[in-house]
Structure formats: structure tokens, C-alpha cells
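Letters go in sequence order (proteins before strands), and every chain restarts at 1.
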Protein chains: 2
Amino acid sequence: MATVTAAERRAEAKRAYDAYVAACPSRKLLDTLSDKWVSLVLNALADGSKRYSDLARTIAGVSQKMLTQTLRGLERDGLVTRTVTAAVPVRVDYRLTSLGESLLPLMAAIKQWAESHIDDVEAARLRYDADSENSP
Amino acid sequence: MATVTAAERRAEAKRAYDAYVAACPSRKLLDTLSDKWVSLVLNALADGSKRYSDLARTIAGVSQKMLTQTLRGLERDGLVTRTVTAAVPVRVDYRLTSLGESLLPLMAAIKQWAESHIDDVEAARLRYDADSENSP
DNA sequence: CGGGATCCTCCCTGATACTG
DNA sequence: CAGTATCAGGGAGGATCCCG
């Protein structure tokens with residue numbers, strides 16, 4: 001890589017995806033990944049396929065509308081597969097694709113970080129709010 | 001309201017934070033971390049402190065309202081520090097705290113994943129949309 | 001059981017203007 | 001420069017009803 005001209009570097013920089021650019025597709029993808037329901041759904045599918053009702057039970061507080069909407073988006077983006085088993089009653093299973101599984105460790109890490117650092121954050125909030133009372 | 005026994009309360013207290021529970025503080029923290037601006041701001045502060053205007057320039061498309069609001073939230077949660085330098089004109093610098101730095105690798109990984117897998121996702125979308133045209 | 005369709009309500013967000 | 005204040009609109013998201 002010794003002979004990389006400045007022009008080549010400029011061309012590369014121009015071509016590479018950059019999530020800081022508002023119009024860049026990767027920025028929009030980052031926006032969708034930064035959805036509260038996406039991270040929870042992906043984590044919920046960590047250990048194999050789950051039925052729709054299983055997901056709804058695991059992720060407390062999600063409305064069926066948002067769950068369906070989130071799953072549709074993930075399916076469209078190739079992160080989960082949707083399998084309908086014709087039976088009575090109908091059975092629908094969701095499972096991570098290999099692409100989804102490549103993302104899972106990152107989402108799991110975020111979720112875990114939130115659960116293990118919430119104490120630090122709440123302590124910081126108390127300090128911040130206490131300071132705010134004295135200034136105005 | 002159901003009666004909650006002392007044993008139940010003890011069991012609840014003993015249980016670790018679980019982001020799947022809607023009322024759990026860690027769930028709310030996960031929600032704030034799952035904010036499109038939060039991930040971008042944290043990434044923008046990766047290599048040292050930055051001024052307000054630097055951040056606004058780095059993160060294309062953010063309104064000053066949302067940037068300020070996001071920074072205030074991050075400051076309150078103890079993820080960034082805000083330093084005002086009395087001068088003309090005023091200078092305000094933002095920097096990650098150690099807590100914020102512990103989160104940075106995770107956010108950077110997400111951003112990088114988005115930039116490197118956007119092609120796969122767009123391909124999946126084309127396939128999904130193509131299939132949808134044949135069914136209705 | 002697993003949604004689709006509808007309605008309705010905030011709040012997120014984007015301009016715009018002003019200040020220290 | 002680094003915000004604060006205010007207003008308006010648009011879409012995200014919840015609740016409800018219904019169907020295959």
C-alpha cells in the first residue's frame with residue numbers, strides 16, 4: 001500500500017459510505033438500527049426462532065402494531081426471516097438470518113451495557129439535577 | 001392492585017436489571033441509547049473534545065435544537081462533559097467521560113456495521129420489494 | 001393466533017427569531 | 001459563537017375493532 005496517490009485516496013474517500021452524511025444510505029440504516037424496538041427484537045431472537053406471541057411476551061410494552069412494523073422492516077432489510085406454518089391456528093416464526101446474526105453481538109453488547117451501567121447513569125443524573133437546583 | 005408480599009419484593013430486588021421489562025430503568029436507558037443522534041454524537045466525540053460548531057458540522061443534518069437537546073441529555077447521564085471557556089466569542093467544548101468512553105466502542109461498532117453492510121441490506125430490500133410485487 | 005385497518009394524539013423535528 | 005424561545009406540521013406510536 002506504499003503507492004497510493006493522493007488522487008486515489010480522494011476517490012476512495014468520496015466513494016466510501018459515511019454515516020455522518022445525512023443523505024448516505026448507511027446513515028439511514030444507522031437510523032433504523034437506532035430504533036428502540038429493533039434492538040429489543042434482535043436480542044429476543046438471540047437463541048433461535050420465536051413465534052410472534054413469544055416475542056410480544058418477551059418484549060414487554062410493545063404494541064402489536066409496532067412489533068409487526070418492526071418485524072416487517074427487519075424482514076425487508078434481510079435481518080430476519082418470516083416463516084408461516086399453515087395450521088389452525090396459524091403459526092408464524094421469526095428467525096435471524098446470518099446477516100442478522102452478524103449484528104446480534106453488537107446489539108447484545110449495547111443492551112448489556114445499559115443493564116450494567118444504569119447505576120452509574122442514575123448517579124450522574126442525581127448529581128446533575130442537584131447542581132441545577134442551585135444555579136437558577 | 002394485587003398484593004405484593006415481602007418475599008416477592010425481595011425476589012424482584014434480587015433480580016438483575018432486565019431491559020425487556022418496560023418499567024425497568026435499564027430499558028429506558030436502552031431507549032435513550034437507541035437514539036439516532038446519540039450514536040452519531042458519541043462517535044463524533046471519539047477522538048477527543050470538540051466544540052459545539054464542530055459537532056454540528058460533523059453530523060450533517062442535525063438541527064441545533066436536537067444537537068443541544070442530545071448533548072444536554074448525554075451530559076445529564078454522565079456520558080459527556082460540557083466545558084465553557086469565558087472568552088469572546090464564547091467557547092464550549094464537549095468531551096466523553098470515562099463512562100462515555102466505555103460505551104464508545106459499542107456505538108462505533110454499530111456505525112461501522114451499518115457502513116459495511118449497507119450493500120447487503122439494500123440487496124435484501126430489492127429482493128423483498130420484487131417479491132411483494134408478484135403476490136398482491 | 002397473527003395480524004390488517006383506522007382513528008387519534010402527542011412529541012419529535014425543523015424553521016425562525018432573538019440574546020449574552 | 002452557542003445557545004434559548006416559540007410556533008407549526010407531520011409522522012411515530014398507542015388503542016381499538018375486526019378478520020382469515
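To the nearest 0.5 angstrom, A:Lys111 atom NZ is 5.5 Å from B:Asp18 atom CG.
Axis deviation across the helix from C:dC1-D:dG20 to C:dG20-D:dC1 amounts to 50°, comparing end segments of five pairs, rounded to 10 degrees.
Residues passing the salt bridge (Lys or Arg N to Asp or Glu O under 4.0 Å) test with B:Lys50: none are found, sequence neighbours excluded. In this view, B:Arg125 and A:Asp77 satisfy the side-chain hydrogen bond (donor to acceptor under 3.5 Å, both in side chains) rule, not counting sequence neighbours.
Residue pairs that meet the ring-ring contact (aromatic ring centres under 6.0 Å, His included) test with at least one member in residues 67-121 of chain A, sequence neighbours left out, are A:Trp113-A:His117.
Ion pair A:Arg57/A:Asp54 flagged as a salt bridge, since at least one NZ, NE, NH1 or NH2 atom sits closer than 4.0 Å to an Asp/Glu carboxylate oxygen. For the pair B:Asp93 and B:Arg95, the salt-bridge criterion is not met [side-chain N within less than 4.0 Å of a carboxylate O].
Between the NZ atom of A:Lys36 and the C1' atom of C:dC11 there is a distance of 12 Å, rounded to whole Å.
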For this session: Before giving the answer on side-chain hydrogen bond (donor to acceptor under 3.5 Å, both in side chains), spell out for A:Tyr20 and B:Asn43 the whole-Å C-alpha distance, their side-chain angles and the decisive distance to 0.1 Å.
Result: CA-CA 9 Å; A:Tyr20 286 132; B:Asn43 273 295; 4.9 Å; no
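For C:dG2, the OP1/OP2 oxygens have a side-chain nitrogen or oxygen of A:Arg51 closer than 4.0 Å.
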Pairwise N/O distances under 3.5 Å, protein to nucleotides 3-10 of chain C:
from  : atom 1 : to      : atom 2 : distance (Å)
C:dG3 : OP1    : A:Arg82 : NE     : 3.2
C:dG3 : OP1    : A:Arg82 : NH2    : 2.6
C:dG3 : OP2    : A:Tyr94 : OH     : 2.7
C:dG3 : O3'    : A:Arg72 : NH2    : 3.4
C:dG4 : OP1    : A:Arg72 : NH2    : 2.7
C:dG4 : O6     : A:Gln64 : NE2    : 3.0
C:dA5 : N6     : A:Gln64 : NE2    : 3.4

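Using a 4.5 Å heavy-atom threshold, the side chains of A:Leu104 and A:Leu45 count as separate.
In summary, contact between chain B and DNA chain D, defined as any nucleotide atom under 4.0 Å from a heavy atom of the protein, begins and ends at D:dC1 to D:dC7 in the 5' to 3' direction.
A donor-acceptor pair under 3.5 Å is absent between the side-chain atoms of A:Tyr52 and the main chain of A:Leu67, judged by distance alone.
Of all the heavy atoms in A:Glu101 and A:Leu96, the pair that sits closest is CG-CB, 3.8 Å.
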